[in-house]
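Ligands are counted one by one from 1 in listed order, and the atoms in each one are counted from 1 as well.
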Amino acid sequence: MDESELAPAVRSILDAARARTHDGERLSVEPRSLTDAFAAAEADGRVPLIAEVKPTSPTTDGTREVDPVAAAEAMVAGGAAALSVLTEPAHFGGSTETLERVREAVDVPVLRKDFVVREEQLDAVEADVVLLIARFVDDLDGLLAAARDRGFQVLVETHTRQEVARALAAGADVVGVNNRDLGKLEVDLETFESVAPEVPDSVTTVAESGISTRDDVRRMRAAGADALLVGSAVMDDTPDAIRENTRDLT
Ligand SMILES: O=C(O)c1ccccc1NCC(=O)[C@H](O)[C@H](O)COP(=O)(O)O
């Protein structure tokens with residue numbers, strides 16, 4: 001990876017991720033099935049949506065002060081099939097404690113959204129799914145296997161056709177295509193449209209970032225998205241607003 005191409009905020013996120021250590025015990029998790037949750041949503045007419053508890057981010061103005069557990073419960077009430085919870089503390093206002101509280105409060109699968117770059121970081125907190133970002137993980141095969149050995153399902157995030165090829169070669173069965181270019185932090189829904197055809201039908205495909213309207217949802221579904229990952233467009237200042245934002249997109 002050529003790190004000189006990364007936006008300064010992303011380089012800072014990556015430096016912080018590399019510096020984070022964890023010396024707890026090796027985890028063994030019993031995950032709630034992500035694909036079953038997507039199938040259940042489809043079966044009752046909801047768009048399979050992973051709604052993200054996202055207090056802030058480098059591209060967000062200010063911080064949402066809403067309680068993360070109340071936000072998570074509102075997302076589920078609005079029809080979210082699964083949740084994503086940021087655990088990155090320095091740039092996204094997340095924490096492992098928040099993920100634990102959310103997972104305790106809901107019964108849908110919960111994705112740990114962080115910048116995991118080394119095996120021991122997998123043991124920081126239990127979750128049903130972990131995110132591995134192809135661009136930031138050198139040994140994708142090794143980290144994917146290490147995550148699965150612990151029981152985690154793995155969402156491998158990509159942004160280019162080459163990264164999809166790497167993800168598939170590593171054995172990924174859930175592949176995300178991020179519409180946000182982590183080099184420039186620009187969002188373009190055409191990314192999913194041009195990259196997703198590289199993902200075979202047997203692999204679950206998730207469209208990530210920049211999805212904010214029902215037209216965007218239709219567009220990503222028409223381009224082959226089995227599920228969508230949405231943060232900013234569902235987050236709001238009150239649980240009621242979050243529930244309605246989520247309902248609108250599902
Ligand atoms: O969201 C950011 O500002 C951001 C900046 C730098 C690296 C990653 C970032 N976001 C991570 C994500 O993947 C999104 O939180 C997620 O896909 C939801 O995106 P959105 O619906 O556009 O909030």
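A donor-acceptor pair shorter than 3.5 Å can be found between the side chains of T87 and R112. Residues S209 and N179 bring no donor and acceptor atom of their side chains to less than 3.5 Å of each other.
T59 OG1, 2.5 Å is the protein heavy atom nearest to atom 3 (O) of ligand 1. Scanning the protein heavy atoms around atom 7 (C) of ligand 1, the nearest turns out to be L182 CD2, 3.5 Å. From the protein, the heavy atom lying nearest to atom 10 (N) of ligand 1 is R180 NH1, 3.5 Å. Of the protein's non-hydrogen atoms, S232 OG, 2.5 Å is the one closest to atom 23 (O) of ligand 1. The closest protein non-hydrogen atom to atom 17 (O) of ligand 1 is S209 OG, 2.7 Å.
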Is there a side chain to side chain contact (heavy atoms under 4.5 Å, CB included) between R64 and D236? Walk through the geometry before answering. CA-CA 7 Å; R64 298 283 188 190; D236 218 312; 3.9 Å; yes
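When heavy-atom distances to ligand 1 are checked against a 4.0 Å cut-off, L185 comes that close only through its side chain, counted from C-beta outward. By the criterion of a heavy-atom distance under 4.0 Å, neither the backbone nor the side chain of T60 is placed next to ligand 1. The side chain of K54, and not its backbone, has at least one atom closer than 4.0 Å to an atom of ligand 1 (non-hydrogen atoms only; side chain from C-beta on).
Here the shortest heavy-atom pairing between P89 and R20 reads CD-NH1, 3.7 Å. Across L144 and A172, no two heavy atoms sit closer than the pair CD2-N, 3.8 Å. Of all non-hydrogen atoms in G224 and T205, the two that sit nearest each other are O-CB, 4.1 Å. The minimum heavy-atom distance linking A81 with P109 is given by the pair O-CD, 3.5 Å. The two residues R148 and G171 come nearest to each other via the heavy atoms NH2-O, 2.9 Å.
With ligand atoms numbered from 1 in the order given, ligand 1 contributes 21 (O) to contacts under 4.0 Å with heavy atoms of V230. Numbered from 1 in the order shown, with element, the atoms of ligand 1 that lie under 4.0 Å from a heavy atom of N178 read 13 (O). Residue-ligand proximity, S57 to ligand 1, at heavy-atom distances under 4.0 Å covers atoms 1 (O), 2 (C), 3 (O). Of all atoms in ligand 1, numbered sequentially from 1 with element shown, those under 4.0 Å from a heavy atom of P58 are 3 (O), 5 (C).
In terms of N/O distances under 3.5 Å, ligand 1 is approached by G231. Backbone and side-chain nitrogen or oxygen atoms of G210 are examined, and one is located within less than 3.5 angstrom of a nitrogen or oxygen of ligand 1. Ligand 1 has a nitrogen or oxygen under 3.5 angstrom from a nitrogen or oxygen of K113. Residue E52 places at least one N or O, backbone or side chain, under 3.5 Å from an N or O of ligand 1.
Side chain of D128 to backbone of V110: a donor-acceptor contact under 3.5 angstrom is found. The main-chain N or O of H159 is never found under 3.5 Å from a side-chain atom of E157 such that the two would form a donor-acceptor pair.
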